[in-house]
Engineer: 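First the structure, then my questions, so here it is.
We're numbering straight along the sequence, starting at 1.
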Amino acid sequence: MRYKMVDSHVQAEVLSRLKNVKGHIAGIERMVEEGQQCGNVLIQLSAIRASIEKIGIYILENNAIECLGDVAHNPEDKQKVEQIVKQMISFLK
């Protein structure tokens, strides 16, 4: 079963974050071309890795709330689902 991002706000946020990462990668390419120190390049690569992980968690969180929220038809159940998802995300961080 395939899921796609239905919420246009989530989609816009993900695209914005990905464009930010793309710009950051271009900056690292320039650093390498200019012969910057390896330590500086590694720090920037670490920042990109963290950004990508945050994007993945953001997608996971929103997708889980949306999918599981469909199962929960009353507000109490939906709140429980959201709480469980937040606990899972907190554990993954």
Side-chain angles (χ1 to χ4, degrees):
M1 179 177 258
R2 289 176 39 190
Y3 296 100
K4 62 181 183 175
M5 283 182 238
V6 178
D7 187 341
S8 61
H9 171 73
V10 172
Q11 184 179 25
E13 180 65 25
V14 169
L15 288 172
S16 174
R17 292 180 184 199
L18 288 172
K19 287 176 184 177
N20 189 335
V21 168
K22 189 161 79 171
H24 208 129
I25 290 172
I28 294 173
E29 287 176 342
R30 282 190 298 278
M31 289 176 71
V32 171
E33 289 169 350
E34 294 169 359
Q36 295 278 331
Q37 293 183 347
C38 292
N40 293 338
V41 173
L42 289 171
I43 288 169
Q44 296 305 314
L45 288 172
S46 178
I48 287 175
R49 183 175 58 210
S51 294
I52 290 172
E53 288 175 4
K54 287 179 183 178
I55 294 168
I57 289 172
Y58 181 79
I59 292 171
L60 174 64
E61 179 178 16
N62 284 283
N63 186 51
I65 289 172
E66 182 178 312
C67 293
L68 295 173
D70 289 343
V71 175
H73 295 294
N74 71 45
E76 280 184 26
D77 287 345
K78 187 170 183 174
Q79 188 175 19
K80 289 178 186 176
V81 167
E82 288 176 355
Q83 181 62 34
I84 290 169
V85 169
K86 287 180 184 191
Q87 289 171 353
M88 288 173 26
I89 298 304
S90 177
F91 176 75
L92 291 173
K93 291 180 180 178

Engineer: Measure the shortest side-chain to side-chain distance between Q37 and M31 over non-hydrogen atoms and say whether it is less than 4.5 angstrom.
Structural biologist: no

Engineer: Between the side chain of N20 and the main-chain N/O of S16, is any donor-acceptor distance below 3.5 Å?
Structural biologist: no

Engineer: Starting from M88, walk the hydrophobic network (Ile, Leu, Val, Met, Phe, Trp, Tyr; side-chain heavy atoms closer than 4.5 Å) and list everyone else you reach, by chain and number.
Structural biologist: I84

Engineer: Measure across R17 and K54 and return the closest heavy-atom pair with its distance rounded to 0.1 Å.
Structural biologist: NH1-O, 3.8 Å

Engineer: Check the surroundings of atom CD in Q87: do more than 12 heavy atoms from other residues, nucleotides or ligands lie under 6.0 Å from it?
Structural biologist: yes

Engineer: List, one per line, each side-chain donor-acceptor pair under 3.5 Å for residues 40-48, sequence neighbours excluded.
Structural biologist:
| unit_1 | atom_1 | unit_2 | atom_2 | d |
| --- | --- | --- | --- | --- |
| Q44 | OE1 | H24 | NE2 | 2.6 |

Engineer: Would L60 end up clustered with L15 when hydrophobic side chains under 4.5 Å apart are linked, directly or stepwise?
Structural biologist: no

